[in-house]
Amino acid sequence: MNQLIKNNSKTILLGISSGISLFIINGGLGIFKNISNYILNCINEKIYYQIDVDSKDKSFEWLLYWLSEHESVKDSTHLNAETVYNNIGKNPKVILVPSVGQHTIKYKGKTIWISRIRDSTFDMGSGAPFESIKLSTLINNSSAVNELLQEAMLLSLNKDIGKTVIYINSEGSWERFGNPRSIRSLDSVILNNNLKQQLLDDIKSFITNESWYRNRGIPYRRGYLLYGEPGNGKSSLINAIAGALNLDICIVSLSQKEVDDRQINHLLNNAPPKSILLIEDIDAAFKSHRSQVDLDSTNSNQINSLTYSGLLNALDGVASQEGRILFMTTNRIELLDNALIREGRVDMKIEITNATKEQASQLFSHFYNLPQDSPLSNQFSSNFANYQLSMSQIQGFLLKYINCPEKAIEESYKLLPVNLS
Ligand SMILES: Nc1ncnc2c1ncn2[C@@H]1O[C@H](COP(=O)(O)OP(=O)(O)OP(=O)(O)O)[C@@H](O)[C@H]1O
């Protein structure tokens, strides 16, 4: 029995002592690991220069695009295909970018190591995993990495020069929509009475007179309402104005279910710099929302909704973004509440009517590349009365006779309202 107790205590002691030794060894190893990591980090910091570029930052997109254009990446065998679309979500184009893992490139004669890392967390909006790219080089070459990033930014931004970037609202914030659009020339939008020039001058004067507004304590923002029959160039005019003034366009869609008072306030007051805010078909968007709100007001659980006063507050509340240029369009001005279009919220109301004879003639000249007062153009327009047809109706008709102006004139009787139905 005594022997048994002795053996047991021996085993326990042995267990304890080996536990302690293991603990010491593990602890020792841990400490050793920490120290060696620390030393390695110190050496790394002395030898290498590193920059982390996170996919949450704009520079990630710029860097990937730059890499897709770089010679040594084109030669790599370890690439990812990524699809980019044009501004209407069509014409997909595949670009090749370095895949997850290690890559080496030469930039201005310097070696740069690229490590693309994919995170295990996801962006809830797009469903894409978060990523980062680590750029490393020898400490002496640090300026090369900085220059590379600068070049990547310029490459992407220059890509947009001469183009209009379109933003749309998505889950309460602004998101670039497809590839930037080619600028629509102001000449291609044909309007009456010098309207284009008046509008352009008004916006230019607004942009250049910030201090005038500030000195008088007037909120520095300008609102425009374009109204009139559909298809006469309201959207085209806004696109052309944005192009002429090198501004981007942020399209606010009020019909999205999730847009509530808080979101609209945030969106209208946090538009990307140098952009026009555009609310199209304000009557329809709000009418549907309002009826939804009316219905929802009976539901006590309702917490998210866009209210009329929420929209008005966002338009001119104390937090309103300064320097804001807002365009609203409607085909039914008579449906709009006076409060929405009162001075201060809408500073200029511009009616864009159906085509006059003059416009029909100019559109014809523009379409067939004829001089302004060409007899053919006048002959074509003499067939219609003022305000009888929309510009898009005339354009649609001319498209059928793309190479034959004479035939277009001959057949133009078909465009008369009696023959349209
Ligand atoms: N004044 C115009 N000058 C030149 N083209 C025009 C004009 N108006 C309309 N068009 C042509 O007709 C088409 C529709 O025009 P646009 O979308 O700008 O009209 P809109 O007034 O905004 O219409 P809606 O009210 O239905 O949105 C475009 O392809 C455009 O090129």
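Keep in mind that what you see is a predicted model, and the values were worked out from it rather than measured. Residue numbers run from 1 in the order of the sequence given. Heavy-atom basis, side chains included; hydrogens, waters and symmetry copies ignored. Order of appearance sets the numbers: ligands from 1, and atoms from 1 within every ligand.
- A donor-acceptor contact closer than 3.5 angstrom links the side chains of D119 and T121.
- Residues Y107 and N141 have side chains that never bring a donor and an acceptor to within less than 3.5 angstrom of each other.
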What do the steps show when you test S132 against D52 for side-chain hydrogen bond (donor to acceptor under 3.5 Å, both in side chains), and what is the final call? CA-CA 7 Å; S132 65; D52 281 325; 5.3 Å; no

What does the contact table look like for ligand 1 (nitrogen or oxygen on each side, cut-off under 3.5 Å)?
residue, atom, partner, partner atom, Å
ligand 1, 1 (N), I190, O, 2.8
ligand 1, 1 (N), N232, O, 3.1
ligand 1, 3 (N), I190, N, 2.9
ligand 1, 8 (N), N232, O, 3.1
ligand 1, 8 (N), G233, N, 2.9
ligand 1, 18 (O), S235, N, 3.4
ligand 1, 18 (O), S236, N, 2.8
ligand 1, 18 (O), S236, OG, 2.5
ligand 1, 19 (O), G233, N, 3.2
ligand 1, 21 (O), G231, N, 3.4
ligand 1, 21 (O), N232, N, 3.1
ligand 1, 21 (O), G233, N, 3.1
ligand 1, 21 (O), K234, N, 3.0
ligand 1, 21 (O), K234, NZ, 2.9
ligand 1, 22 (O), K234, N, 3.4
ligand 1, 22 (O), S235, N, 2.8
ligand 1, 22 (O), S235, OG, 2.8
ligand 1, 23 (O), G231, N, 2.9
ligand 1, 25 (O), K234, NZ, 2.9
ligand 1, 25 (O), N331, OD1, 2.9
ligand 1, 29 (O), Q395, NE2, 3.1
ligand 1, 31 (O), R184, NH1, 2.9
ligand 1, 31 (O), R184, NH2, 3.2
ligand 1, 31 (O), Q395, OE1, 3.0

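- Side chain to side chain, S182 and K163 fail the donor-acceptor criterion of an N or O pair below 3.5 Å.
- Heavy atoms from other residues, nucleotides or ligands lying under 6.0 Å from CG of N215 number more than 12.
- Side-chain N/O atoms of Q198 and D202 include no donor and acceptor closer than 3.5 Å.
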